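Got a structure for you, questions after.
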2 protein chains.
Amino acid sequence: MGDTLMTIRQMCDAFEVTPRTLRFYEARELLFPQRNGQHRLYGRTDRARLKLILRGKRFGFSLEQIRQLLELYDPAERNITQTEATLATARERLADMERQHQELGIALSELRDQIAQGETWLQNLKSGA
Amino acid sequence: MGDTLMTIRQMCDAFEVTPRTLRFYEARELLFPQRNGQHRLYGRTDRARLKLILRGKRFGFSLEQIRQLLELYDPAERNITQTEATLATARERLADMERQHQELGIALSELRDQIAQGETWLQNLKSGA
DNA sequence: GTCGGGGCTTACGTGAACGTAAACCTCGCC
DNA sequence: GGCGAGGTTTACGTTCACGTAAGCCCCGAC
């Protein structure tokens with residue numbers, strides 16, 4: 001298929017990360033690129049996983065939390081009890097994210113208010129000067 | 001007013017942090033408790049600020065980013081150019097948070113889908129066994 | 001052949017955000 | 001008057017997520 005294997009440098013350019021970062025994620029078992037001899041080659045799933053990793057990071061998740069989430073997107077574990085455990089932790093993450101989404105909405109409106117106040121206060125200062 | 005000053009331990013119990021954390025935030029100029037001799041005393045504004053700090057941390061912001069945001073909620077800087085700078089960085093944070101809110105919505109639906117798939121797949125396994 | 005570019009491993013360094021240990025003060029109580 | 005609880009400073013240790021440097025391999029171009 002359109003597996004379009006990419007070198008580590010191509011990946012770095014595409015996702016704006018460093019080689020060190022990709023190798024580090026691999027060491028932490030978040031990525032599993034193929035090998036051509038010594039060289040790493042990243043395929044479609046690696047790109048999808050990396051995208052999820054970077055997104056998770058923006059949400060403030062740790063790499064370990066992200067790794068557990070990736071298990072869900074991964075058809076690696078075919079075991080029943082394993083999958084149930086994965087689902088359980090995924091539901092916890094989901095709850096976290098829902099709470100965070102809620103909180104973010106509140107914080108957004110508060111921050112907008114605060115910025116508006118600051119702006120009017122600034123206008124008063126300027127007109128009063 | 002209901003300033004109800006609190007000791008460091010009362011604060012720790014109320015917000016589930018350690019004394020070290022509160023002193024650390026003070027060293028980084030995120031909190032400014034009064035002093036009764038040597039002892040710290042935390043008032044209403046300190047509690048409000050700490051609440052914002054902990055929320056910001058859940059959103060993945062650094063303490064420095066949070067400190068800049070707190071300047072907005074704080075009537076400390078009465079300077080015009082200073083306030084304009086504060087507003088500018090606050091708008092950046094706001095943009096970050098809006099993007100994050102958006103992304104979180106997407107990630108949430110994707111994760112829900114993925115969990116649902118995992119659940120049905122698990123059901124198939126159990127019934128098929 | 002050599003040499004530069006790209007990639008690899010190994011290992012020590014770094015900044016953020018605290019943890020933890022040592023040593024001191026001081027106030028209330030028995 | 002001693003002592004234990006609670007608070008303080010100082011300073012080194014720790015975890016996470018990489019950065020950075022050294023040294024090696026390998027392949028294609030000149």
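None of the values given here were measured: they were computed from a predicted structure. Every chain is numbered from 1, with letters handed out A, B, ... down the list of sequences.
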What residues in residues 34-43 of chain B put a non-hydrogen atom under 4.0 Å from any atom of DNA chain C?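 When residues 34-43 of chain B is checked for heavy atoms under 4.0 Å from DNA chain C, there are no hits whatsoever.
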
Could you tell me the separation between the CG atom of B:Leu5 and the P atom of D:dG7, rounded to a whole number of Å?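 Value for this atom pair: 14 Å.
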
Short question: side chain of A:Thr21, backbone of A:Val17 - any donor-acceptor pair under 3.5 Å? no

A:Arg67 CZ to D:dA17 C1': how many Å, rounded? 16 Å

Establish, with yes or no, whether the OP1 or OP2 oxygen of D:dG6 is under 4.0 angstrom from a side-chain nitrogen or oxygen of B:Thr7. no

Within this structure, what is the CG-to-P distance between B:Leu22 and D:dG7, rounded to whole angstrom? 11 Å

Measure the spacing between CG of B:Leu70 and OH of B:Tyr25 and express it to the nearest 0.5 Å. 11.0 Å

Send over the distance from A:Asp13 CG to C:dG6 P, rounded to a whole Å.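 Nearest whole value for this atom pair: 11 Å.
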
Verdict with supporting geometry, A:Arg58 and B:Glu103, salt bridge (charged side-chain N to carboxylate O under 4.0 Å, His left out): CA-CA 9 Å; A:Arg58 283 195 293 275; B:Glu103 263 192 294; 2.5 Å; yes

Return the value, rounded to whole Å, for the distance between atom CD of A:Glu26 and atom P of C:dT10.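 Those two atoms, CD and P, are 12 Å apart.
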
To the nearest 0.5 angstrom, please state how far the CG atom of A:Leu30 sits from the CG atom of A:Leu50. 9.5 Å

Could you write out each protein N or O paired with an N or O of nucleotides 13-18 of chain C at a distance under 3.5 Å?
from	atom 1	to	atom 2	distance (Å)
C:dA17	OP1	B:Leu63	N	2.9
C:dA17	OP2	B:Arg28	NH1	3.4
C:dC18	OP1	B:Lys57	NZ	3.2
C:dC18	OP2	B:Tyr25	OH	2.6
C:dC18	OP2	B:Lys57	NZ	3.0

Residue pairs passing the side chain to side chain donor-acceptor pair (under 3.5 Å) test with at least one member in residues 87-96 of chain A, sequence neighbours excluded, are A:Arg91-B:Glu119, A:Arg93-A:Asp96

Nearest-Å distance for atom pair CZ/P, residues A:Arg23 and C:dG6: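 Between P of C:dG6 and CZ of A:Arg23: 13 Å.
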
Point-to-point distance, once rounded to the nearest 0.5 Å, from CZ of B:Arg49 to CD1 of B:Ile66: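 It is 11.5 Å, given to the nearest 0.5 Å.
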
For A:Ser127 and A:Gln123, indicate whether the former's side chain and the latter's backbone hold a donor-acceptor pair under 3.5 Å.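 At least one qualifying donor-acceptor pair exists.
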
Which of these, B:Glu71, B:Gln65, B:Glu64, sits in a side-chain hydrogen bond (donor to acceptor under 3.5 Å, both in side chains) with B:Gln68? B:Glu64

